[in-house]
Amino acid sequence: MPGKSTLKRLDWICVFFYICLVFMGWINIYSTAFDENNPSIFNFAALYGKQLFFVGASILTIVIILGLEANFYERFATLFYLISLVLLLGLYPCGRTINGATAWYDLGFFNLQPAELAKMTTALALAKYLNDIQTDIKRFKDQLYALGIIIVPSILILLQPDPGSALTFFFLIFVIFREGLPLYYLGLGVTVIVIFITTLMFGTIWLAIGLGLALGLFILLKKPSFRISILPISLSYIAIIVFSLSVDFVYDSVLQQHHRDRFSLWLRLEKDPKKMAEIQKTIGYNTHQSEKAIESGGFSGKGFMQGTRTKGNFVPEQHTDYIFSTVGEEWGFLGTASVVIIFTLLLLRLAFLAERQKNPFSRMYGYGVICILFIHYFINVGMVIGILPTIGIPLPFFSYGGSGLVFFSALLFIFLKLDANRMNELG
């Protein structure tokens with residue numbers, strides 16, 4: 001059991017936000033999966049009954065986390081990371097395939113998704129490596145090691161294939177930026193993304209023409225006193241064009257058809273109205289229906305368990321990745337705004353706590369927690385309301401799922417334990 005000093009020093013503001021999100025998530029899962037023949041909340045055959053069990057498992061996990069010594073997590077961070085990699089590798093011979101992804105272990109009473117564990121262990125391992133006295137993030141070798149910690153599990157998850165979960169790992173790079181990684185890496189990453197999207201939308205020829213005109217205008221309009229070297233600009237221009245030429249190959253040969261369809265729907269790449277209509281009925285069906293559900297909720301919503309689209313099962317996977325659409329339909333703008341505000345306040349509070357950490361490991365891990373929670377929250381809400389492509393990641397503490405709830409809870413409360421330990425040391 002956690003000591004009295006830990007409970008006293010625990011940041012109860014974050015705990016309050018956590019409880020609000022878990023409770024609101026369960027309420028909406030109950031509405032989405034309500035069984036008239038057995039409405040008991042303890043109906044463990046129903047999704048809401050199972051989620052209640054997962055809430056209990058999360059509470060037990062939290063108690064264990066708070067009861068352990070704070071330095072336990074830094075001491076064994078590398079071991080936890082290696083265990084998660086072994087579990088990810090074990091999926092290939094032993095994993096269960098659901099919706100085309102071999103991402104779960106079938107444990108009988110529930111399915112374990114090691115990717116959720118790997119997010120937490122990667123944040124721990126990255127924080128431990130960056131905190132090592134021998135690590136200097138200004139050195140290229142150490143930069144590669146730090147990036148490798150992030151890339152290895154993401155590749156194993158991408159091969160399942162689960163590109164949504166793999167994508168979330170790359171946002172841990174912001175932890176490295178916080179600790180001194182040169183910003184030109186960020187500029188390079190943003191440039192690659194912009195070139196990729198621009199090439200898909202307009203093609204390499206128009207990209208080359210537009211970029212050439214922009215460079216020409218810059219050279220003509222620059223002040224005479226501002227000197228530039230033509231050679232690096234020319235090499236950069238050539239590199240951009242070469243990368244742009246590779247985009248079509250990656251898009252056609254590396255991405256699978258359903259990934260290409262999602263890009264086509266998001267960027268409106270398909271010019272044939274009939275093909276676009278077909279994509280909207282298949283790949284874009286979930287997003288279209290979730291948008292309609294949220295739109296129908298209006299300002300105050302239709303009321304708890306009164307959502308017609310929710311009850312009609314118009315939105316597939318509504319209890320998991322699309323749970324936010326239930327909030328929109330039944331609780332309206334007031335409900336969705338409340339969820340957004342609580343998530344935002346939680347993230348801001350975590351940033352405040354991370355910045356006041358005296359132990360660099362705790363600070364780095366805190367920012368890792370923020371990165372993981374933020375990207376899940378941002379992408380999930382974005383895809384449900386149609387401004388981002390569907391990539392299939394849950395809303396933390398909210399969506400149905402045992403692995404997600406337990407490991408998101410562990411991710412958060414390890415940091416709260418580290419923060420409570422800091423407060424204990426201060427007296």
Do [X] and [Y] pair up side chain to side chain, a donor and an acceptor below 3.5 Å, judged on atom types alone?
X: Y367; Y: E355; result: yes
X: T97; Y: T102; result: yes
X: S290; Y: S325; result: no
X: T344; Y: Y377; result: yes

Inset, instruction - Decide side chain to side chain contact (heavy atoms under 4.5 Å, CB included) for I27 and W331; before the verdict, give the C-alpha distance in whole Å, the side-chain angles of both, and the deciding distance to 0.1 Å. - result: CA-CA 11 Å; I27 285 292; W331 306 94; 4.1 Å; yes
Legend entry - Closest approach of Y105 to P114 (non-hydrogen atoms, all atoms of both residues): CE1-CG, 3.5 Å
Legend entry - Heavy-atom closest contact (I150 atom, I176 atom, distance): CD1-CD1, 3.9 Å
Legend entry - Y185 OH: over 12 foreign heavy atoms closer than 6.0 Å: yes
Extract all donor-acceptor atom pairs below 3.5 Å that involve side chains of residues 54-64 and protein atoms in other chains or at least two apart in sequence.
residue	atom	partner	partner atom	Å
S58	OG	F54	O	2.9
T61	OG1	A57	O	2.8

Legend entry - Counterpart residues, side chain to side chain donor-acceptor pair (under 3.5 Å), relative to N71 (two or more places apart): R75
Ring centres under 6.0 Å, that's the criterion: do [X] and [Y] meet it?
X: F72; Y: F80; value: yes
X: W12; Y: F16; value: no
X: Y18; Y: F397; value: yes

